[in-house]
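Just below is one structure, and these are the notes that go with it.
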2 protein chains.
Amino acid sequence: MRADAQKNYDHLLAIARIVILEQGADASLRDLARRAGVGLGTLYRHFPTREALLEALLRTSFDELTERARELEHSRSAEDALVTWLREIIAFTHNYRGVTAPMMAAIEEPNSALHGSCVQLRAAGARLLSYAQTQGRARTDIDGDDLFALIAALAWLNDQPSHSSRAKHLFGIIVSAILKI
Amino acid sequence: MRADAQKNYDHLLAIARIVILEQGADASLRDLARRAGVGLGTLYRHFPTREALLEALLRTSFDELTERARELEHSRSAEDALVTWLREIIAFTHNYRGVTAPMMAAIEEPNSALHGSCVQLRAAGARLLSYAQTQGRARTDIDGDDLFALIAALAWLNDQPSHSSRAKHLFGIIVSAILKI
DNA sequence: ACCTGAACACCGTTCAAGT
DNA sequence: ACCTGAACACCGTTCAAGT
């Protein structure tokens with residue numbers, strides 16, 4: 001990549017982070033380009049779809065969460081590992097309002113730029129779930145896809161301003177449904 | 001209301017039902033007015049906000065669901081009444097894609113045209129929950145607001161095309177969290 | 001009283017023209 | 001090779017002008 005292009009790319013990503021943290025994942029791309037002081041076409045050149053932009057923005061966090069799942073699996077009880085990881089992934093999505101719907105859509109859309117990231121995250125969760133299941137700590141009629149959907153539902157609830165105060169409580173309720181009594 | 005106005009109102013509502021069943025609650029209002037063969041201003045005159053339109057559209061169903069809760073409370077076991085009603089409200093929202101978010105937003109927005117309907121529905125659910133709790137059939141650390149949030153989360157999941165196939169399964173999982181073992 | 005549609009301020013997306 | 005912004009086709013919302 002040419003040096004000026006690289007600079008634009010980096011700057012766009014930095015501004016995108018600010019704007020999306022501010023306004024959510026459905027922020028205006030036009031506004032974003034404007035704030036980055038860059039032509040609208042330049043934004044589209046570097047990020048042909050909104051999902052490509054989100055992917056670039058969240059890539060690092062996705063990888064960290066995946067790595068984190070591996071760590072937890074080897075350092076804690078199966079139950080503790082699963083619950084801690086769930087707490088962390090929910091906390092992460094909480095920062096990026098409106099990111100849940102595109103992630104859900106991407107998981108069954110192999111052409112989406114977000115597809116790989118979501119599959120990766122889902123697999124990380126599935127491993128922790130499976131571990132908890134073999135230890136007899138999680139119900140066995142749930143699979144990784146179900147877990148991903150439950151995470152998405154919780155993340156979506158967190159995005160609804162009305163119920164942010166009961167977020168922790170609802171987290172506990174759903175976790176109790178996943179775990180074995 | 002003048003006769004011509006009444007006619008426009010009724011026709012708009014009939015077309016709105018078709019369009020929103022087709023395209024979801026965020027369908028284009030412009031398109032809707034066009035298909036109703038009516039000026040855009042006429043739509044806004046009768047339904048000053050999108051929520052006012054949704055309210056008019058869903059009013060009957062809201063009332064039916066409320067009445068249904070009363071029926072169930074007196075004709076079935078507490079657990080059966082609650083679960084049946086939850087199934088019915090989820091089935092209802094399934095028809096109106098994208099209606100969950102405005103409903104969640106409306107419940108803490110007293111000025112919203114949807115506010116009353118949502119409060120009414122939430123209260124109906126709360127009564128069934130409370131009944132189940134007094135019969136020792138539902139966990140007692142959940143209140144009507146939590147129940148409403150869990151319903152919304154399930155309804156939202158149903159809207160995500162990817163996971164519609166596991167909808168029933170996830171319904172069962174969350175119900176199992178609400179009920180006492 | 002009610003209806004109409006132009007007007008305004010926004011979008012997302014594409015692409016010819018520039019450097 | 002990359003950037004720019006006008007152009008196009010859409011929105012939601014308001015409101016002067018018509019009947």
Side-chain angles (χ1 to χ4, degrees), chain A residues 1-20 22-57 96-99 101-103 105-106 109 111-114, chain B residues 1-20 22-57 96-99 101-103 105-106 109 111-114:
Chain A
M1 190 159 10
R2 230 165 64 180
D4 55 345
Q6 181 71 53
K7 196 181 154 194
N8 276 335
Y9 180 94
D10 294 343
H11 189 230
L12 271 169
L13 211 50
I15 299 293
R17 174 155 280 119
I18 295 172
V19 171
I20 283 179
E22 228 174 64
Q23 312 183 8
D26 52 355
S28 157
L29 297 181
R30 211 187 210 91
D31 185 43
L32 206 158
R34 221 150 27 204
R35 283 174 65 167
V38 132
L40 196 42
T42 304
L43 190 155
Y44 274 92
R45 158 172 279 264
H46 288 299
F47 308 104
T49 64
R50 178 174 239 109
E51 276 147 14
L53 178 61
L54 289 176
E55 201 274 339
L57 203 57
Y96 293 93
R97 193 161 26 99
V99 90
M103 283 180 67
E109 193 64 58
N111 294 328
S112 163
L114 269 175
Chain B
M1 189 161 7
R2 230 165 63 180
D4 56 344
Q6 181 72 53
K7 195 182 152 193
N8 276 334
Y9 180 93
D10 294 342
H11 190 230
L12 270 168
L13 210 49
I15 300 293
R17 175 156 280 119
I18 295 172
V19 171
I20 283 179
E22 228 175 63
Q23 312 183 9
D26 52 354
S28 157
L29 297 181
R30 213 189 210 90
D31 184 42
L32 206 158
R34 224 154 20 207
R35 282 173 66 167
V38 132
L40 195 44
T42 304
L43 190 155
Y44 274 92
R45 159 173 277 263
H46 288 299
F47 308 103
T49 64
R50 177 175 239 110
E51 276 148 15
L53 179 62
L54 289 175
E55 201 275 338
L57 203 59
Y96 294 92
R97 193 162 25 99
V99 91
M103 284 180 67
E109 192 64 58
N111 294 328
S112 164
L114 269 175

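Lettering of chains follows the sequences in order, A, B, ..., and the numbering in each one begins at 1. Bear in mind that the values here come from a model prediction, so they are computed numbers and not experimental data.
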| field | OP1 or OP2 of dC3(C) under 4.0 Å from side-chain N/O of Asn8(B) | value | yes
| said: Considering every strand and a 4.0 Å limit on heavy-atom distances, what is the contact class for Arg50(B): base, sugar-phosphate, or nothing? | reply: sugar-phosphate
| task | Please report, rounded to the nearest Å, how far the C1' atom of dT4(D) is from the CZ atom of Arg45(A). | result | 11 Å
| said: Rounded to whole Å, how long is the line connecting atom CZ of Phe47(A) with atom P of dC2(D)? | reply: 14 Å
| task | Would you mind reading off the distance between Asp10(A) atom CG and dC2(D) atom C1', rounded to a whole angstrom? | result | 15 Å
| task | Please work out if Ala27(A) contacts a base, only the sugar-phosphate, or nothing of the nucleic acid, heavy-atom cut-off 4.0 Å. | result | sugar-phosphate
| Side chain of Leu40(B): nearest nucleotide among dT13(D), dC2(D), dC2(C)? | dT13(D)
| Arg97(B) side chain vs Asp26(B) backbone, donor-acceptor pair below 3.5 Å | no
| query | Rounded to the Å, how far apart are Tyr9(A) OH and dC3(D) C1'? | reply | 17 Å
| query | Taking a pair as Watson-Crick or G-U wobble with both distances under 3.5 Å, which nucleotide is matched to dC8(C)? | reply | dG12(D)
| note | Checking N1-N3 plus N6-O4 or O6-N4 for Watson-Crick, or N1-O2 and O6-N3 for wobble, each under 3.5 Å, the partner of dC2(C) is dG18(D)
| field | Shortest non-hydrogen contact between Leu43(A) and Leu12(A), atoms and distance | value | CA-CD1, 3.8 Å
| field | Contact check, side chains of Leu32(B) and Val38(B), non-hydrogen atoms, under 4.5 Å | value | no
| note | Taking dC2(D), dT14(D), dC3(C) as options, the one with an atom nearest any side-chain atom of Tyr44(B) is dT14(D)
| task | Would you mind reading off the distance between Arg34(B) atom CZ and dT4(C) atom C1', rounded to a whole angstrom? | result | 15 Å
| message | For Arg2(A) and Ser28(B), find the nucleotide of DNA chain D closest to each by heavy atoms; which residue's nucleotide sits nearer the 5' end? | response | Arg2(A)
| Distance in angstrom units between Asp4(B) CG and dC2(C) C1', rounded | 6 Å
| message | Expressed as a whole number of angstroms, how long is the span from Leu29(B):CG to dG12(D):P? | response | 5 Å
| field | Euclidean distance, atom CZ of residue Arg30(A) to atom P of dA9(D) [Å, nearest integer] | value | 15 Å
| Residue pair Arg35(B) / Ile15(B): nearest heavy atoms and the distance that separates them | CB-CG2, 4.0 Å
| said: Please find the pair of heavy atoms, one from Leu57(B) and one from Ile20(B), that lie closest to each other, and give the distance. | reply: CD2-CD1, 3.8 Å
| message | So, does His46(B) get its side chain near the phosphate of dC3(C), meaning an N or O under 4.0 Å from OP1 or OP2? | response | yes
